[in-house]
Structures are given as structure tokens and as C-alpha cells.
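Working notes for the structure below.
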Amino acid sequence: MKKLFYLFITFTVLSSCSPYQQALKKPDIAEKFRVGEEMYNKGKFAKSNKLFAQIVPNYRGKPQAEKLMFLYSKSFYEMKDYYLASYQFERFASAYPQSEKVEEAAFLSGKSAYMLSPVYSKDQTETRDAIEKLQGFINLYPESEFLPEASKLVQELDFKLEKKAFEIAKQYNKIAGYTGDYDASIKAFDNFILDFPGSSFREDAYYYKLDSAYHLAMNSIESKRQNRLESVKAHYNNYKKNYSNSERMEDANKMLEDVTKELEKYSTKS
């Protein structure tokens with residue numbers, strides 16, 4: 001036990017005298033920069049970040065500031081502190097527009113914002129912010145080596161917004177089963193189709209729109225019933241025109257059959 005105790009004491013003393021600990025305590029900013037960069041190159045980003053944070057104000061306006069600020073920003077990124085990384089990279093790109101690192105900084109600012117984007121079911125403010133930053137990067141650097149990755153990230157973020165919007169519209173359809181407000185469901189899917197014309201959920205949206213129109217018509221008051229039944233036929237024809245090979249055509253055909261029978265009653269009356 002005594003041997004372990006002495007080893008622990010020795011290790012503690014040696015650690016307290018390490019170059020990092022010495023640089024942390026000394027006022028020499030050049031030494032802090034040197035050791036900070038050394039820590040960064042060794043992958044000890046939290047230590048390098050702590051040293052860089054101490055000297056950032058002292059290097060403003062100096063030639064070394066550009067390198068320091070990029071490493072400082074990158075250390076946040078490597079520590080997975082994506083909020084501060086995005087902010088610091090954005091500041092770097094603004095402060096050093098002629099830097100050879102400005103393109104990378106602009107990309108990493110957007111990628112950091114991408115990392116902050118939550119799952120689709122949560123508020124998508126961060127997602128929209130990430131899309132704005134990455135799209136801004138794509139527009140500014142159309143020939144960048146980072147362009148393929150940036151485009152892929154934007155596609156993923158766009159899909160998240162599509163998924164969010166589709167699930168909200170689908171929820172309207174589900175709620176209408178209890179409230180009977182299928183009109184709101186139809187409007188929700190109309191908005192989705194308009195906002196996301198190339199969405200992979202487009203077929204689903206058209207089907208649920210047809211389904212909502214069908215239930216709205218079948219449960220309508222007499223004064224509105226015939227017009228709404230005719231509307232279902234229009235929705236059906238639109239769905240069949242675009243998705244005639246869909247697995248849901250059998251269900252759609254059943255809806256049309258029901259609607260046609262109901263409309264025949266009005267033909268008989270006339």
C-alpha cells in the first residue's frame with residue numbers, strides 16, 4: 001500500500017510540473033500558444049482549448065491570430081462542442097475572408113450546425129439554421145472539395161423537414177378519425193404537396209388526401225354530400241393517374257366503388 005501511495009504522490013508531482021501545467025500557470029503567451037498547439041497535435045483538444053482561450057485576446061491584430069483562431073475554433077469542433085464551434089468558425093470566416101482556411105471554416109461552421117439538428121419529431125429551428133449555413137457555403141464555394149459532403153448533409157436535413165411536415169399532416173388525418181375534421185387533414189396534405197413537390201412521401205400524401213376526402217364525403221350532411229362525393233372521384237383520378245401501380249390501388253378502388261354507389265342515388269332521384 002505504501003508503495004502505491006508513493007507512486008501516486010510521484011505521479012501527482014510530475015503531472016503538476018508537466019509542460020501543460022506550467023504553461024497554464026505562466027503569463028508567457030508565446031509559451032501558451034506553443035504548448036497549446038502541441039496539445040492540439042496530440043489530440044488533447046480540451047487542454048489546447050483551455051490554453052488558447054487564455055491568449056485569444058492577446059493576439060488580436062497580430063500575424064499569428066489567424067492560425068490561433070482557426071485552431072481554437074477547430075478544438076471546439078473536436079471536443080464536440082458544436083454550438084461554439086459553429087459560432088467560432090463563422091467568426092473566423094468573417095474576420096479572415098482571404099485566409100486559405102476560410103473555405104474549410106465556412107464548411108465546418110455549417111457541419112457543426114448540422115450536428116446540432118435534432119430528430120425530426122422535435123423543433124426544427126436548428127435544422128433550418130444548418131440548411132441556411134450549408135446552402136450559403138454551397139453557393140459561395142461551388143467548386144469546393146467539401147461540396148459533395150455539404151450537399152449530402154443538406155439532403156439529410158431537407159428530408160428531416162419533409163418527415164416532420166408529413167407526420168404532422170398524417171396526425172391531422174388520425175385526429176380526424178375522432179373529431180371528423182377531415183377538411184383540416186386535406187388542407188394539411190395540400191400544403192405538404194405544395195411545399196415538398198419532390199418528396200419521397202408524395203404518394204403517401206396523395207393517398208391520405210384521398211382517404212380524408214372519402215371520409216369527409218361519406219360522413220357529410222346531405223346539403224354538402226353530393227359535391228364532396230364528386231370531389232372524392234377527382235382525388236381518386238388524380239391518384240390513379242400518378243400511382244396506378246401502387247399497392248394501395250385496391251383500397252383506392254374500394255373507395256371509388258363506395259362513392260359511385262352513393263352518387264347513383266342522386267342520379268335515381270333526378
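All values derive from a computational prediction rather than experimental measurement.
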With a 4.0 Å cut-off on N to O distance, would you call [X] and [Y] a salt bridge?
X      : Y      : answer
Glu156 : Lys152 : yes
Lys163 : Glu167 : yes
Lys187 : Asp183 : yes
Glu257 : Lys261 : yes

Go through the steps for Lys254 and Glu250 under the test salt bridge (Lys or Arg N to Asp or Glu O under 4.0 Å), then give the verdict. CA-CA 6 Å; Lys254 180 63 172 63; Glu250 186 176 344; over 6 Å; no
Please check if the side chain of [X] supplies one atom and the backbone of [Y] the other of a donor-acceptor pair under 3.5 Å.
X      : Y      : value
Lys32  : Leu24  : yes
Asn242 : Asn238 : yes
Ser112 : Leu108 : yes
Asp211 : Tyr207 : no
Lys160 : Val119 : no
Ser231 : Asn227 : no
Asn49  : Phe45  : no
Ser109 : Ala105 : no
Lys209 : Ile186 : no
Arg228 : Ala213 : no

Looking at [atom1] of [X] and [atom2] of [Y], how far apart are the two atoms once the value is rounded to the nearest 0.5 Å?
X      : Y      : atom1 : atom2 : result
Gln155 : Glu162 : CD    : CD    : 10.5 Å
Asp195 : Asp190 : CG    : CG    : 10.5 Å
Tyr114 : Lys133 : OH    : NZ    : 15.5 Å
Ile168 : Tyr120 : CD1   : OH    : 10.0 Å
Gln226 : Ser223 : CD    : OG    : 11.5 Å
Lys170 : Tyr208 : NZ    : OH    : 4.0 Å

Within the 6.0 Å centroid threshold, strictly below: [X] and [Y]:
X      : Y      : value
Tyr87  : Tyr83  : no
Phe201 : Phe159 : yes
Phe192 : Phe166 : yes

Path from [X] to [Y] over hydrophobic side-chain contacts below 4.5 Å:
X      : Y      : result
Met39  : Leu84  : no
Leu256 : Leu216 : no
Leu116 : Leu157 : yes
Ile55  : Leu51  : no
Tyr266 : Tyr236 : yes

Would you check if [X] and [Y] make a side-chain contact, meaning some heavy-atom pair closer than 4.5 Å?
X      : Y      : result
Val102 : Tyr96  : no
Val56  : Gln88  : no
Phe196 : Arg202 : no
Phe70  : Ser99  : no
Gln124 : Pro118 : yes
Leu147 : Tyr141 : no
Lys80  : Met115 : no
Tyr206 : His235 : no

Could you pull out the closest heavy-atom pair between [X] and [Y], with the gap in Å?
X      : Y      : value
Ala217 : Arg225 : O-NH1, 3.5 Å
Phe92  : Met69  : CD1-CB, 3.9 Å
Gly61  : Ala65  : N-CB, 4.4 Å
Tyr182 : Ser212 : CB-O, 3.4 Å
Asn219 : His215 : ND2-O, 2.7 Å
Leu161 : Ile131 : CD1-CD1, 3.6 Å

Check the pair Glu203, Arg248 against salt bridge (Lys or Arg N to Asp or Glu O under 4.0 Å), reporting the backbone distance first and the verdict last. CA-CA 10 Å; Glu203 179 188 338; Arg248 287 175 166 154; 5.2 Å; no
Given Thr127, Thr125, Asp129, the one that forms side-chain hydrogen bond (donor to acceptor under 3.5 Å, both in side chains) with Ser117: Thr127
Would you please test Lys111 and Tyr77 for side chain to side chain contact (heavy atoms under 4.5 Å, CB included) and show each step? CA-CA 10 Å; Lys111 188 174 181 180; Tyr77 179 82; 3.4 Å; yes
Check the pair Glu38, Arg34 against salt bridge (Lys or Arg N to Asp or Glu O under 4.0 Å), reporting the backbone distance first and the verdict last. CA-CA 6 Å; Glu38 185 180 301; Arg34 185 189 69 77; 3.3 Å; yes
Lys47 to Tyr20 six-membered ring, cation-pi geometry met (6.0 Å, 45°): yes
More than 12 heavy atoms of other groups within 6.0 Å of Lys233 NZ: no
Give the intermediate values and the outcome of side chain to side chain contact (heavy atoms under 4.5 Å, CB included) for residues Phe146 and Glu104. CA-CA 8 Å; Phe146 302 110; Glu104 184 178 358; 3.8 Å; yes
Using side chain to side chain contact (heavy atoms under 4.5 Å, CB included), reason through Lys62 and Ile29 one step at a time and then give a plain yes or no. CA-CA 12 Å; Lys62 295 184 179 180; Ile29 61 172; 4.0 Å; yes
